Number of protein chains: 2
Amino acid sequence: MRTVRHEGCAACHLKCDIYLTAIEMQMEADLEPIHIVYKKHETICRQKTLITHAIVMLDGSAKMYIDGLNNKNIILNILLPSNYIGLLPVYSIPESTYNVAALSDCYTCHIDIGLISTLYNSNQNFMHSLNQAFGKSVSAIMRKLISLNQKQIRGKVAESLLYLSALYDATRFILSITRKELAELSAISEENAVRVLTEFKNEGIIDMNGKEITLKEMGLLETISAMG
Amino acid sequence: MRTVRHEGCAACHLKCDIYLTAIEMQMEADLEPIHIVYKKHETICRQKTLITHAIVMLDGSAKMYIDGLNNKNIILNILLPSNYIGLLPVYSIPESTYNVAALSDCYTCHIDIGLISTLYNSNQNFMHSLNQAFGKSVSAIMRKLISLNQKQIRGKVAESLLYLSALYDATRFILSITRKELAELSAISEENAVRVLTEFKNEGIIDMNGKEITLKEMGLLETISAMG
DNA sequence: TAACAACATTGATACAGATCAACTTTTTTG
DNA sequence: CAAAAAAGTTGATCTGTATCAATGTTGTTA
């Protein structure tokens with residue numbers, strides 16, 4: 001982890017609503033953003049700790065996950081640039097309900113949560129954009145509740161592959177996560193994640209060598225995911 | 001289902017924030033509340049349908065649940081008087097992500113969602129109270145995600161019993177749900193729900209005859225729930 | 001670049017929980 | 001109030017998935 005002095009924040013301007021809103025409200029001087037670089041594997045946010053800053057992803061990718069019972073975590077989603085971390089206090093949740101860890105080196109910008117709340121309360125557009133993001137994550141979690149509970153492993157893996165495909169907006173992509181993490185994203189064991197991948201490969205549904213994966217039969221994957 | 005003409009709404013005044021806020025904002029005249037009585041088993045809110053009104057529970061109890069894959073639903077929680085249904089549009093989710101069905105005859109009050117949004121936008125206290133409720137439900141769902149995924153059946157049933165105990169604020173209560181619904185609340189099969197209940201009874205952890213349940217060893221139940 | 005750690009893969013085994021089946025009890029309703 | 005439907009119960013069986021074990025591969029670092 002490396003703290004970088006704020007120098008203009010060109011990146012933030014491009015990647016986050018907070019800046020635009022602060023400027024609009026003539027509160028840019030209050031921002032005092034802190035840029036922090038996290039190395040791969042470092043923890044960016046720890047479950048059950050007090051949230052003092054909202055964090056904007058500027059570069060890199062990270063996993064959002066919750067602690068499971070026997071060291072078995074569940075990955076909720078993958079965070080990419082312009083995603084926010086730590087908005088929960090706006091909704092009266094002072095402590096984080098999830099962890100975030102860097103999947104690659106991550107450039108982030110931290111902004112005092114009190115200022116976020118002020119902007120939220122005084123700017124309706126900003127409020128709506130945060131509410132929308134929050135609302136989306138709620139419906140996403142509900143979907144996940146169903147799939148993790150009722151789909152079997154092939155359906156879960158298919159869903160994860162489709163999720164990653166949508167995330168990278170490509171049917172051929174380099175897996176940014178390990179097999180173990182793919183398993184955590186699907187809430188199954190690592191061994192079964194591998195097994196299903198090879199099954200899919202043998203069935204011609206995907207191509208795979210190492211970290212590079214190509215989804216060949218999107219329709220089939222969607223069926224497998226939907227049927228469970 | 002029976003629609004009742006609005007006559008003063010004394011019950012609503014007592015049971016909901018919306019009224020107090022509307023009065024404060026001098027918008028009481030805009031409320032146009034509709035009182036609807038649902039009979040046991042009737043659907044109050046259907047997943048994937050457009051939400052036009054917020055609904056306040058005035059009397060009775062209902063289950064909030066999501067459609068599973070093979071007609072296997074998951075009950076998220078039980079709703080009691082003063083609980084709200086259908087606030088999602090405030091967070092830019094136009095369609096319901098869940099169903100609500102009456103567990104007993106339910107007296108409800110429907111209020112146009114547009115008015116709720118207006119109140120939300122113009123009154124910070126109201127906004128905070130809705131945000132707080134929304135935030136709480138998010139953390140509750142996250143907890144459920146873990147428990148439904150990683151606990152085994154004894155842990156799940158113990159958790160459900162503790163949930164009901166907290167809900168009714170009593171260690172001895174009449175189960176308002178069937179065994180099948182207890183199973184859906186725990187995301188296990190009906191048969192296993194019954195089996196675990198009899199196990200708990202034989203082990204002296206609970207007392208049970210028919211619908212009446214007494215939690216005798218709260219500490220033990222908490223351990224079982226926490227351990228999985 | 002050698003040594004070690006992390007990651008990936010495959011097969012064999014064990015087990016928790018779903019499903020099936022048969023039956024009893026309670027509740028609903030014509 | 002009788003008949004039918006819904007709810008509750010128990011045992012036997014089946015199956016999907018976790019776990020264990022062994023081994024290969026890739027990546028990291030001293």
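Remember, predicted model here, so these are calculated numbers, not experimental data. No hydrogens, no waters, no symmetry mates; every other heavy atom, side chains included, goes into these values. Chain letters run A, B, ... following the sequence lines, proteins first, then strands; residues in each count from 1.
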Could you check how far [atom1] of [X] sits from [atom2] of [N], rounded to whole Å?
X: A:Ile153; N: D:dT17; atom1: CD1; atom2: P; result: 5 Å
X: A:Asn70; N: D:dT19; atom1: CG; atom2: P; result: 7 Å
X: B:Leu69; N: C:dA18; atom1: CG; atom2: P; result: 14 Å
X: B:Gln152; N: D:dA18; atom1: CD; atom2: P; result: 13 Å
X: A:Glu184; N: D:dA18; atom1: CD; atom2: P; result: 13 Å
X: B:Ile213; N: D:dG8; atom1: CD1; atom2: P; result: 10 Å
X: B:His41; N: D:dA5; atom1: NE2; atom2: C1'; result: 12 Å
X: A:Lys151; N: C:dA18; atom1: NZ; atom2: P; result: 19 Å

Between the protein and nucleotides 10-15 of chain C, which nitrogen or oxygen pairs are less than 3.5 angstrom apart?
unit_1	atom_1	unit_2	atom_2	d
C:dG11	N7	A:Arg195	NH1	3.0

task: Look at the side-chain N and O atoms of B:Lys72 and state whether any lies under 4.0 Å from the OP1 or OP2 oxygen of C:dA18.
output: no
- prompt: So, is A:Lys211 near the phosphate of C:dA8, with a side-chain N or O under 4.0 Å from OP1 or OP2?
  reply: yes
Counting only N and O atoms by type, is there a donor-acceptor contact under 3.5 Å from the side chain of [X] to the main-chain atoms of [Y]?
X: A:Ser96; Y: A:Thr49; answer: no
X: A:Asn83; Y: A:Leu80; answer: yes
X: A:Asn99; Y: A:Ile66; answer: no
X: A:Ser186; Y: A:Leu182; answer: yes
X: B:Lys211; Y: B:Ile177; answer: yes
X: B:Thr108; Y: B:Ile36; answer: yes

- request: In sequence, state the C-alpha distance, the side-chain angles, and the governing distance for A:Ser139 and B:Thr97, and then conclude on side chain to side chain donor-acceptor pair (under 3.5 Å).
  value: CA-CA 7 Å; A:Ser139 19; B:Thr97 58; over 6 Å; no
- prompt: Pick the nucleotide of DNA chain C nearest each of B:Lys40 and B:Arg154; which residue has the one closer to the 5' end?
  reply: B:Arg154
message: What's A:Thr178 touching, base or sugar-phosphate or nothing? Going by heavy atoms closer than 4.0 Å.
response: sugar-phosphate
